[in-house]
Protein chains: 2
Amino acid sequence: MTPPPRDILLQGDCIEIMRTLPDACVDLVFADPPYNLQLQNELIRPDSTRVAAVDDAWDKFDDLASYDAFTRAWMGECRRLLKDDGTIWVIGSYHNIFRVGAIMMDLGFWFLNDVIWHKTNPMPNFRGTRFTNATETLIWAQKSQAQKRYTFHYHDMKALNDGKQMQNVWRIALCTGAERIKGADGKKAHSTQKPEALLHRVISASSDRGDVVLDPFFGTGTTGAVAKKLGRHWIGIERDPEYARIAQKRIDAIPQIDQPDHTDTPAES
Amino acid sequence: MTPPPRDILLQGDCIEIMRTLPDACVDLVFADPPYNLQLQNELIRPDSTRVAAVDDAWDKFDDLASYDAFTRAWMGECRRLLKDDGTIWVIGSYHNIFRVGAIMMDLGFWFLNDVIWHKTNPMPNFRGTRFTNATETLIWAQKSQAQKRYTFHYHDMKALNDGKQMQNVWRIALCTGAERIKGADGKKAHSTQKPEALLHRVISASSDRGDVVLDPFFGTGTTGAVAKKLGRHWIGIERDPEYARIAQKRIDAIPQIDQPDHTDTPAES
DNA sequence: TATAAAGGTGAATCCGCAC
DNA sequence: AGTGCGGATTCACCTTTAT
């Protein structure tokens, strides 16, 4: 059998590409799928400026049933590609995470935590009609209830949290400023680029050096960039050629680090 | 038609009882359904004392399908009983909230917020195998996407939050100490009693004085107790006679307050 | 050059009523 | 049902421009 690819960006439809990869070839999955936001009208701030909406074609679905079918397809492939001691992270908002979570349970995943990304600088609710939506939700799951072993660097996380056990609420800022990748027009290159700090915590908590991390919705490559910085191998899949080009350039600019190493003992469930 | 009941505890199966109530008779629903926790083994503290787990008979379901069917049944009745300008709150943990949320969307509910109850004093993960599970999730939803109007006391919430817009993350302590109702044996009377502070925020944010609040899983009556203190009418449904007895006694001990009043202008969607 | 003021922006399911 | 208008509505950053 041919060895699985590593440290590579595959450009194309993630479901089709995952079907070409062998069973049980990755240690960790991080997935940031479309949220299916269904925004109705444009939103104006109190100062009369317009909020840049997420109106990308990749976030459009005909209905909930087609979103569900899409979710089952890519999630099922992720489960097949995961090693039997691997885990998966999926991030979403209240628009999609409940459907995604229910489908994960249906496919046999067994949840370890729901983790709340509490944004330190969220956009307010300008009209005063709801509570400020300051969070996104991550689901961390193993492949099955029966799974005996998975990687969790408990002590590293505890040390990161001033010596106290780390909770499932993470206060991390939005990706802005120099970290946010801009296009030639000076606008953000991707609507939903995630902060590296978020991926840093995910990858360092739940994988070892030398592990393979798969991201089926690679976007501008945050997962690959952080994986490379942390000495993990990575596989990125991205449908949009422009996003893929940006991601490849971004990751190529990061220097390769030394050989694999294990820094903490894995937890068992 | 007979007027709907008010300020009353109905003892029995919530689905059967809700079916006897007329359409559109309540302004607000708060529901804390069984969590379907699937604890495989008893949880043991490091000092070998046993943690009282949620293993009551009412929390067992054969499988995910029966939990879904149960959820659709009670949730559908709640939707029928809600007025067309009403909203519903449902609380759950990562064990059940994803299924509950997906079913709510399927039934036509339109989400306003997911609210994170961030416990200030959560139980640690004794074995160091996961992140501390410090949260529960509430879904706040209106009946349909087309719904034009609902109650939200934006300014009251803002005032409660030092003059800044309140976020969807609420730091509230677990229900302990004197507030936690004990049985004759000195043990907690109910395994999942919610803090009154949580219900206070829910009810004061999304209802007016004189409104009717329905809780189909009344337990020891926290919703009714807070509703009475805030000058709201309430309808509680509880299957367990002992819980119902405790709840009735608890609410009877609260003095009736003055006549209805509106303290803030309702938001419109 | 240092400090202050002004401007920009973030996965957003963000108005109600009269005509 | 669509349109138009009155009125109420924002937080934490970072970047750019002005003093």
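Throughout, a chain's letter reflects where its sequence line sits, starting with A, and its residues are numbered from 1. Everything numeric in this text was worked out from a predicted model, so none of it was measured.
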Atom [atom1] of [X] and atom [atom2] of [N]: how far apart are they, to the nearest Å?
X: A:M123; N: C:dG8; atom1: CE; atom2: C1'; answer: 13 Å
X: B:N168; N: C:dA12; atom1: CG; atom2: P; answer: 13 Å
X: A:K187; N: D:dC14; atom1: NZ; atom2: P; answer: 20 Å
X: A:L39; N: C:dA11; atom1: CG; atom2: C1'; answer: 8 Å

Could [X] and [Y] be called an ion pair, given the rule that one side-chain N must be under 4.0 Å from one carboxylate O?
X: B:R80; Y: B:D23; value: yes
X: A:E16; Y: A:R19; value: no
X: A:R250; Y: A:E196; value: yes
X: A:D252; Y: A:K228; value: no

Counting heavy atoms from C-beta on, name the nucleotide in [options] closest to the side chain of [X].
X: B:K164; options: D:dC11, C:dG10, C:dA11; value: D:dC11
X: B:R149; options: C:dT9, D:dA12, C:dC17; value: C:dC17
X: A:T129; options: C:dA11, C:dC15, C:dG10; value: C:dC15
X: A:D59; options: C:dA12, C:dA11, D:dT10; value: C:dA11

Inter-nucleotide [atom1] distance ([N], [M]), Å rounded:
N: C:dG10; M: D:dT9; atom1: P; result: 25 Å
N: D:dA18; M: C:dT1; atom1: C1'; result: 14 Å
N: C:dG7; M: D:dT10; atom1: C1'; result: 15 Å
N: D:dG7; M: C:dC14; atom1: C1'; result: 15 Å

Can you run through DNA chain D from 5' to 3' and write each base as (, ), [, ], | or . depending on how it pairs? Watson-Crick or G-U wobble, both distances under 3.5 Å. .|||||....|||||||||
is_close_aromatic(B:W170, B:W140), centroid dist under 6.0 Å: no
Distance flag, aromatic centroids of A:F70 and A:F61, threshold under 6.0 Å: yes
Name the residue closer to the 5' end of DNA chain D, choosing between A:G177 and A:I44 according to the nucleotide with the nearest heavy atom. A:I44
Rounded to the nearest 0.5 Å, what's the gap from OG on A:S204 to CE on A:M157? Could you check? 4.0 Å
Interatomic distance, CG@A:L198 vs CG@A:L138, rounded to 0.5 Å, equals 5.5 Å
Under 4.0 Å between a side-chain N/O of [X] and OP1 or OP2 of [N], yes or no?
X: A:R50; N: C:dC14; answer: no
X: A:K119; N: D:dC11; answer: no
X: B:Y150; N: C:dC14; answer: no

Between the side chain of B:H118 and the main-chain N/O of B:A134, is any donor-acceptor distance below 3.5 Å? no
Once base and sugar-phosphate atoms are separated, protein heavy atoms under 4.0 Å mark nucleotides 2-8 of chain D, 5' to 3', with B, S and - as -----B-
Check: C:dG10 base within 3.5 Å donor-acceptor of A:R45 side chain: yes
Is any N or O donor-acceptor pair between the side chain of A:K194 and the base of C:dA11 shorter than 3.5 Å? yes
Any base atoms under 4.0 Å from B:Q167, or only sugar-phosphate, or nothing? Heavy atoms, all strands. nothing
Considering heavy-atom distances to DNA chain C, does A:L174 or A:F126 have its closest nucleotide positioned more toward the 5' end? A:L174
5'-most by nearest nucleotide on DNA chain C - A:P124 or A:S191: A:S191
Quiz question: by atom type and distance under 3.5 Å, do the side chains of B:N168 and A:T135 form a donor-acceptor pair? yes
